[in-house]
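Report on the structure given below.
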Number of protein chains: 2
Amino acid sequence: MSERDSERSISQTVRAQLALRDMILSGQLRPGERISELQAVEITNVSRTPVRLALVRLEDEGLLQAIPSGGFMVKAFTERDILDSIELRGTLEGLAARFAAERGASARSLEPLKECLADLDQLVRQDPVSVEAFSAYVTMNARFHALLTELSASPPLIRQIDRVSALPFASPSGFVMAQSALPEAHQILLIGQDHHRIVVDAIENREGARAEAIMREHSRLAARNLRLALRNRTHLDLLPALALLQSPAE
Amino acid sequence: MSERDSERSISQTVRAQLALRDMILSGQLRPGERISELQAVEITNVSRTPVRLALVRLEDEGLLQAIPSGGFMVKAFTERDILDSIELRGTLEGLAARFAAERGASARSLEPLKECLADLDQLVRQDPVSVEAFSAYVTMNARFHALLTELSASPPLIRQIDRVSALPFASPSGFVMAQSALPEAHQILLIGQDHHRIVVDAIENREGARAEAIMREHSRLAARNLRLALRNRTHLDLLPALALLQSPAE
DNA sequence: GCGGCCACTAATGTATACAGACTGCACTCA
DNA sequence: TGAGTGCAGTCTGTATACATTAGTGGCCGC
């Protein structure tokens, strides 16, 4: 698919949504800052109708918050909010893994997941891991989580996981890039990959409780990454999502 | 227009949303049926702009589904979808209960929950339970679950639970009324109330795992109610939410 | 000097007009 | 007779004008 085509054919609503989301995630719009429709019109150069729709969509996504008197503000998240969102995602992915295990995912449906696992193995084998490999890992990791979620074969659950993962800091790959700057990088990567291996094994053997538990624990790697990244505050630029973090001072 | 005063104060968007939701839940709009904006305008007597916003909101709620070529259709749910939504809600409420326990909900914050528990006890004590008592139970039960959710003190989690519970058949009180017609009514009520008691006790004693487990099990009462109600198909009229159920024939 | 009220401004809520895209049908040509 | 093309009707997407409300600042009265 060509970039230009999609750029041109895309609706004004989506364009506005993308533009505003970028500005929020990049920190150009600060947490707590009020954003009026007219402002959004100025920024995006589309008229109020699609802008409004875009604002509503961003509210669902969780990036904006409606102000009772009308209008929206950029949502601010505490560190606790982020950690809770990660735990929440882990819980839901745990449920997805349990469903996959209990309902007997077929050998055929497990195949793509296993291929993905093998691809990840390739990437993880390097030591030290190149930045490119990290980047590839992020993509592959996202694919692994998506496949796992699909395996639950539960549309309502898939929907919820997608909603939670829409928040960049709650997504499965949200803090992987932060690792790349850490000394513990390779070790954490290996542990994460072991979790992947275990969950596939558990699903294959119909071990629902084990599959669920390991996915919960797996998500806590993201929490660990976040804490490490916040402690050595040097590499926060790798994490644009943290623009939404309420500064502790305020 | 000179409508009633009470209806004039709320916005057209909300009015349209309520009207359309009622029609969907009451079955006047069938699952799978397409709703065009103009149709919605006809139905609600408001103009396209607020109607459109209402349709988008109902899509988020999960009652509608966007059609790729544009427009919306009423979402159809299988029995499995409904059961999964209940399990999902149970899982999230379980997480909320665990958070409440682990984070040490203060004695003060537990008080409203305990009062609610006592009120529910009063209602459950009757045998047989009057229809009015059932109705009061539904209200009180909703309050109990809302208080419990709040106790997690986790905005992201509260948000997700609210989203899931927005689907009427996934809400904590979704199938309580179905019970009232069942011979097992009183017994199920007593069991449910015992779950309530246990979760409060577990939170008080900081037993996170126990609090989580009991809330998961608690939600399965709703699943049981649903199955019973579907088996003796006599009292389905008590459950308007089931208008969204895909008929097995199709 | 302080507090309350009124008026003005600006933003949101709503309606509608216009344009582009898609669907369905009919007609024509091979 | 079948398939393709063109046209018409209708729908969604977008823009904009109008109405209404909330918020703010200044002025007047106590």
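Values in this document were obtained by computation on a predicted structure and should not be read as measured data. First the proteins, then the strands, lettered A, B, ... as listed; each starts at 1.
Rounded to whole Å, the distance from CZ on A/R15 to C1' on D/dA15 is 15 Å. One atom, CD of B/Q12, and another, C1' of D/dT21, lie 15 Å apart when rounded to the nearest Å. Straight-line distance from the CD atom of A/Q39 to the C1' atom of C/dT12: 14 Å, rounded to whole Å. Atoms CG (A/N45) and C1' (D/dT14) sit 14 Å apart, rounded to a whole Å.
A/R98 is linked by a salt bridge (charged side-chain N to carboxylate O under 4.0 Å, His left out) to A/E102, A/E212, B/E87, counting only residues two or more places apart in sequence or in another chain. When the ring-ring contact (aromatic ring centres under 6.0 Å, His included) test is applied to A/F99, no partner is found at least two apart in sequence or on another chain.
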Got a list of protein N/O to nucleotides 10-12 of chain D N/O distances below 3.5 Å?
{"residue": "D/dT12", "atom": "OP1", "partner": "B/E37", "partner atom": "N", "Å": "3.1"}
{"residue": "D/dT12", "atom": "OP2", "partner": "B/E37", "partner atom": "N", "Å": "3.3"}

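The one candidate from B/L53, B/L55, B/L38 that meets the side chain to side chain contact (heavy atoms under 4.5 Å, CB included) condition with B/R48 is B/L38. When each of B/K75, B/R163, B/Q17 is tested with B/E61 by the rule side chain to side chain donor-acceptor pair (under 3.5 Å), just one qualifies, namely B/Q17.
Proximity note for B/V46 (side chain, C-beta onward) versus C/dT14, D/dT14, C/dA15: the nearest is C/dA15.
Interface remark: the A/T13 side chain does not form any donor-acceptor pair with the D/dT14 base, using a distance-only criterion of under 3.5 Å.
Here A/T49 does not reach the OP1 or OP2 of D/dT14: none of its side-chain N or O atoms lies under 4.0 Å away.
Inter-residue side-chain proximity for B/L157 and A/D84 is flagged as unmet; no heavy-atom pair is nearer than 4.5 Å.
Ring-centre distance between A/F77 and A/F169: below the 6.0 Å cut-off.
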